[in-house]
Every structure is written in C-alpha cells, then in structure tokens.
Amino acid sequence: MKKLVNAPRAVVGEMLEGLVSLSPEQALLEGESVVVRANIPAEVHRREVAVISGGGSGHEPAHAGYVGNGMLHAAVAGDVFTSPSTDAVLAAIRAVAGPAGALLVVKNYTGDRLNFGLAAELARAEGIPTEVVVVADDVALHDTVEPSRRRGIAGTVLVHKVAGAASASGASLAEVAREAAATAAGLGTMGVGLGACTVPAAGRPGFTLGEGEMELGLGIHGEQGVRRVPLQPADALVDTLLATILEDRRIGSGDRVALLVNGLGGTPPMELAIIARRALAVLRERGVLVERAWSGSFLTALEMPGCSLTLLRVDDERLRWLDAATTAPAWPRNGRIAPARRIQPVAPAPSPSETVHVAHPEMVRFKQAALAIADAFEAAEPRLTELDSAAGDGDLGISLARGAAALRALPESSWSSPTRALTAIGNAMRRSIGGSSGPFYATALLRAARHLAEGRKDATAWAEAFLAGVEAVAELGGARPGDRTMLDALRPAADTFAHELKAGRSPAEAWEACVLAAEMGAEATTRMKPRLGRASYLGERALGVPDAGAVAAVVWLKSLSQSIA
C-alpha cells in the first residue's frame with residue numbers, strides 16, 4: 001500500500017485537522033470527529049434549522065467540505081467507510097442545534113441509519129426537535145431491491161445544498177425537512193468503477209478488475225458493482241448510465257433537471273469533462289432541459305477511478321435553493337451553463353499569394369514521399385509512445401500520428417511546388433502537433449521552404465534547405481548535439497547528406513549515408529544525460545533509453561529512402 005499517511009488509525013483525525021486548518025470558517029468540535037461552522041452567532045442558533053450530515057470518511061470533500069453558511073452546520077466523520085457513532089452524531093446536534101431544531105441528512109446505509117436515527121431519538125428526548133431525511137438515489141439497484149432500500153450516493157450533496165439554503169432562508173424544521181425529502185425523492189444516480197480503492201486499514205484493494213473490465217452500478221465504499229462488464233468508450237458508458245437513470249426516474253422531453261458529474265477520487269478532470277460533454281449532448285437530444293450542471297469530485301471513494309452521474313428534477317423553487325449563496329469550501333460555482341455548446345469562429349487565414357499551378361510529375365513524387373512519412377509515423381506510434389513515456393510525457397507517438405492525419409488532409413493545391421508544399425506541411429504540423437514537436441517541425445519546414453523559394457531546386461539546394469531547417473530547430477530550442485534531443489539525429493544527418501553530395505555521391509547514396517548517420521546519432525543518445533526538456537528532470541535515470549525525438553527523426557528520414565532512390 002502506497003498512501004501519504006502516517007498511520008492507518010490516525011488518518012481521519014489528521015485529515016480533519018488539515019481540512020479545518022485550511023478553512024477559517026470551520027472548527028473541530030473538541031474531542032469529536034465533527035466539523036462545525038466556526039463562531040456561529042446566537043441569533044443563528046435561534047433562527048436556523050441546523051442541517052447535519054456525515055458518514056464514513058474516504059468520501060472527501062464530503063462531508064466536511066460542505067460545512068458553511070448556506071449549507072451544512074456540522075459534518076460527522078466516522079472511520080474510513082464506517083458510520084460515525086451515535087454519540088458523535090448527538091454531540092454534533094448539541095453543538096449546532098437551537099430552538100429551531102435539527103435535520104439529519106443520512107445516506108441509506110444500515111450503520112448510518114442506525115446511528116443517526118438513534119441520535120435523533122436521544123436529541124428529541126433532550127428537547128431538541130430533530131428530523132431525519134434518508135437519501136436513496138442509487139438507481140443501479142432498481143432490479144435488486146425496493147426503492148426504499150437503495151443506497152445513498154453522490155446525489156446526497158444536492159440534498160445538502162437544498163436543505164442548507166432552505167434553512168438559511170429561515171424556513172421551519174418541517175419546511176426544511178419537506179424540501180430535503182422532496183429533493184431526495186427527485187434524485188437518480190448511477191456509478192461505474194474502473195478499478196478498486198484501498199482502505200488504509202485493509203492495505204489492499206477491495207477487488208480486482210481485469211484490464212478490459214469495469215464494475216457497473218457500484219456504491220461509494222469500494223465495493224463491487226451490480227455487474228461486471230467489458231470496458232466501454234466514454235460515450236457508450238454515459239449512454240448506459242443515463243438510459244438507466246432516465247427510465248427509472250421517468251425523465252423525458254420537456255423535463256427540467258440539474259446534472260452532477262461526480263468523480264470517485266481517481267478520475268482526472270479531463271475524463272470528467274469528456275463524460276459531461278456526452279451527458280449534456282444526450283440530454284439535449286432527448287429534449288431534457290439541463291438547467292444547472294456541475295463536474296468534479298463531490299463525493300468520492302478514496303482513490304477509486306470512475307464516476308457517477310446524477311439527475312435531479314428541478315423547478316423554479318428548487319433552482320432558487322441550488323443557486324443560493326454558500327461559504328461551504330467544496331461547493332462549486334453556480335452551475336449555470338449555456339443552452340448549447342458555443343463555437344467561436346476563427347478569422348480566416350490570408351490567401352496565399354503564390355499562384356496555384358497544376359502539379360508537375362516531380363511534385364507527384366514529392367507528395368508520395370510525404371505520404372510515406374505519414375505511414376511511417378503511424379506505424380511507429382507505439383514505439384515512440386513507449387520511448388517518450390520512459391523519459392518524457394508519453395505524447396510523442398500520438399502527436400506525430402495526428403501530424404500524419406493532418407498531412408493526409410492537405411488539399412491538392414498544397415502540392416503545386418516544393419515551397420508551397422513545405423509551407424503547407426509546416427502549418428499543418430503547427431496546428432496538429434502539441435507540445436514541443438509541433439513548433440520544432442513547423443519552424444524547420446517553414447525555414448526550409450523559404451530557402452528553396454530563393455532559387456534552384458537541385459539536390460544541393462535540398463541539402464542546404466535541410467541544413468537551414470536543422471539550424472532553425474537549434475535556434476528555436478537552444479539545443480546543440482550532445483544535449484539528447486532530435487538534433488543528435490538531425491544534425492549529423494544533414495551534415496552527412498551535404499558532405500556526401502559535395503564528394504560526388506548520387507542523391508540516393510548520400511541519403512543512405514545520411515540515414516546511417518541519423519541512426520548512429522539516435523543510438524548515441526542512450527548514453528547522454530539530457531540537458532533540455534522534461535527528460536532533463538530525470539538526469540541519469542534517462543540513460544539506457546534513446547531519445548524519442550531523435551528516434552522519430554530516424555523514422556521519417558528512413559521513410560524517404562525509397563523516394564530518393
């Protein structure tokens with residue numbers, strides 16, 4: 001087990017200390033694992049219904065992240081995935097509830113229901129009016145258990161928000177409980193897990209998934225789902241989740257909803273945004289009006305990779321509660337979205353001044369050579385990805401594959417002359433290849449194009465253009481041979497090609513020597529400590545693996561051998 005903890009038994013207490021230290025409007029209740037609002041004025045105690053929630057830890061930012069004005073008054077934390085004790089819940093009620101009473105928002109798990117329910121009875125016996133609202137929003141269990149026995153999962157956060165806003169408005173306990181219960185009844189949530197999480201006290205994952213498997217319809221405690229299914233692309237997965245929620249909640253065209261895209265702890269914002277994109281598109285296609293939408297990690301399961309989708313029916317009153325201000329540190333912005341995805345048109349590029357002519361036979365051959373490079377980049381993608389992952393960020397293979405696709409998509413007018421073709425290819429590389437490779441290749445090609453535009457187009461002129469392009473790369477990146485970059489292959493290749501032509505070799509012979517020099521240069525990078533780029537952060541750990549950029553240069557140089565023969 002690899003976790004940034006000191007001891008499994010200390011994680012909850014130390015986590016709460018850290019959260020409260022970062023939130024000036026929160027405090028820890030002395031002797032308890034309870035987070036409360038700090039310095040609540042006496043008039044608030046008298047006027048507001050105290051909204052309290054909680055449960056096992058490991059769901060951060062729930063529940064402590066939702067303690068703040070306009071949301072929860074207190075959050076009670078149990079051990080990881082374990083209900084808090086009755087005494088802890090009762091201590092929270094005593095700390096924050098006044099004459100207006102308290103509402104307990106409880107996720108539908110046996111331990112939570114027992115401990116929060118008993119605490120409510122004890123509070124009533126002490127004269128504190130207390131109500132309980134149970135959230136059971138997990139629609140994945142629609143064929144397994146009756147609705148009242150479903151689990152409470154991510155949709156609980158929306159109940160917190162509605163109940164807290166109603167309380168802040170001065171509503172009575174009965175009114176706050178009614179709003180919370182109605183919100184819970186209007187919720188539908190379903191989740192998916194791509195892997196297990198590890199409870200610190202257990203020290204090992206709760207289950208094992210194969211490389212091509214996922215758990216569909218799981219809860220929030222590291223447990224397995226309703227069924228194990230083959231891994232699906234994001235769009236297909238969203239379709240599956242939404243179909244179940246929409247059918248179970250009977251949501252259709254014309255209905256108004258709020259959407260919550262929730263990460264389970266190990267899902268990056270990139271993937272959640274892809275999920276949100278598809279969810280919004282599907283709902284709009286079905287005529288469902290998405291009034292509010294949020295994407296992020298709201299109620300997690302430690303580091304589990306996966307997500308859940310929640311739909312909540314809304315009307316003007318419920319939107320007012322969702323939009324109400326809160327100081328809870330984990331509540332996101334207001335969730336307002338545009339009615340459709342916005343596309344800003346770009347200014348058209350200036351028309352090229354060069355007259356377009358019908359391609360000459362040599363340009364047909366030029367295009368074939370360029371397409372051969374595209375083939376080579378696509379074939380080399382796995383190898384380049386592997387090499388770049390060893391000493392970089394792993395994106396070189398897919399970046400050059402995108403460049404290959406852009407090259408294939410160039411219009412026929414791009415192939416009317418070497419200058420025009422190199423310029424078009426350079427601009428295509430600039431637009432399609434991210435990271436450093438795009439600017440480097442674009443700069444080299446544009447410099448070479450300008451060199452060729454100045455005069456002759458024989459082999460010597462091409463050698464000079466090659467050298468000019470390599471020099472442009474060196475100028476742009478500040479690298480030189482020996483720094484473990486693409487220049488360790490390109491510089492000896494360009495120098496060798498020019499030297500061999502000057503010595504009287506044919507273009508094919510000169511190019512053969514050029515490729516050999518590039519291969520030797522790329523191989524030499526296995527013994528070089530990187531000086532520039534991400535690889536430089538690894539120092540000697542990069543030794544033994546050739547530089548991916550240098551190997552990529554060899555790939556396209558070799559692909560041209562047949563064209564030059």
Side-chain angles (χ1 to χ4, degrees), residues 16 25-56 62-78 83-109 111-136 152 156-185 321 324 326-328 331:
L16 294 178
E25 295 185 3
Q26 294 182 343
L28 269 175
L29 191 59
E30 185 177 6
E32 301 287 351
S33 294
V34 176
V35 175
V36 298
R37 297 185 194 174
N39 304 318
I40 299 179
E43 61 270 19
V44 174
H45 272 299
R46 288 193 299 271
R47 178 176 63 84
E48 284 193 9
V49 173
V51 182
I52 301 168
S53 190
H63 300 82
Y66 303 115
V67 173
N69 295 331
M71 212 160 173
L72 297 181
H73 292 72
V76 193
S83 173
S85 69
T86 299
D87 288 350
V89 179
L90 183 60
I93 297 172
R94 290 169 175 164
V96 299
L103 173 70
L104 309 186
V105 179
V106 182
K107 297 186 299 302
N108 197 22
Y109 295 95
D112 287 350
R113 292 192 67 157
L114 292 177
N115 285 291
F116 278 84
L118 178 53
E121 285 297 326
L122 294 171
R124 294 180 191 118
E126 295 179 7
I128 304 173
T130 306
E131 295 293 337
V132 176
V133 168
V134 176
V135 183
T156 307
V157 175
L158 298 178
V159 180
H160 293 166
K161 182 64 182 67
V162 169
S167 168
S169 76
S172 68
L173 176 58
E175 291 168 335
V176 174
R178 184 169 61 249
E179 291 293 337
T183 302
W321 300 135
T326 178
T327 62
W331 182 252

Distance-minimising heavy-atom pair for [X] and [Y]:
X: V35; Y: A64; value: CG2-CB, 3.9 Å
X: I93; Y: A102; value: CG2-CB, 4.3 Å
X: V36; Y: V34; value: CG1-CG1, 3.8 Å
X: A177; Y: E131; value: CB-CB, 4.2 Å
X: T326; Y: N69; value: OG1-O, 2.8 Å
X: G55; Y: D112; value: CA-OD1, 4.0 Å

**Asked** F116 versus S53: any side-chain heavy-atom pair under 4.5 Å?
**Response** no
Kindly say whether [Y] contributes a backbone atom to a donor-acceptor pair with the side chain of [X] at under 3.5 angstrom?
X: T183; Y: V159; value: no
X: Q26; Y: V67; value: yes
X: H73; Y: V51; value: yes
X: K161; Y: W321; value: yes
X: R47; Y: A168; value: yes
X: K107; Y: R113; value: no

**Request:** List the steps and the verdict of side-chain contact (heavy atoms from CB on, under 4.5 Å) for I52 and H63.
**Result:** CA-CA 10 Å; I52 301 168; H63 300 82; over 6 Å; no
**Prompt:** Once the angle between the rings of Y66 and W331 is folded into 0 to 90°, is it parallel (under 30°), tilted (30 to 60°) or perpendicular (over 60°)?
**Reply:**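 If you compare the ring of Y66 with that of W331, the planes turn out perpendicular.
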**Request:** Output the distance between atom CG (L122) and atom CG (L90), rounded to the nearest 0.5 Å.
**Result:**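 One finds 5.5 Å between CG of L122 and CG of L90.
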**Request:** Applying side chain to side chain contact (heavy atoms under 4.5 Å, CB included) between V106 and each of V133, V132, V135, report the one that passes.
**Result:** V132
**Item:** Residues R37, E48: salt bridge by 4.0 Å N-O rule
**Value:** yes
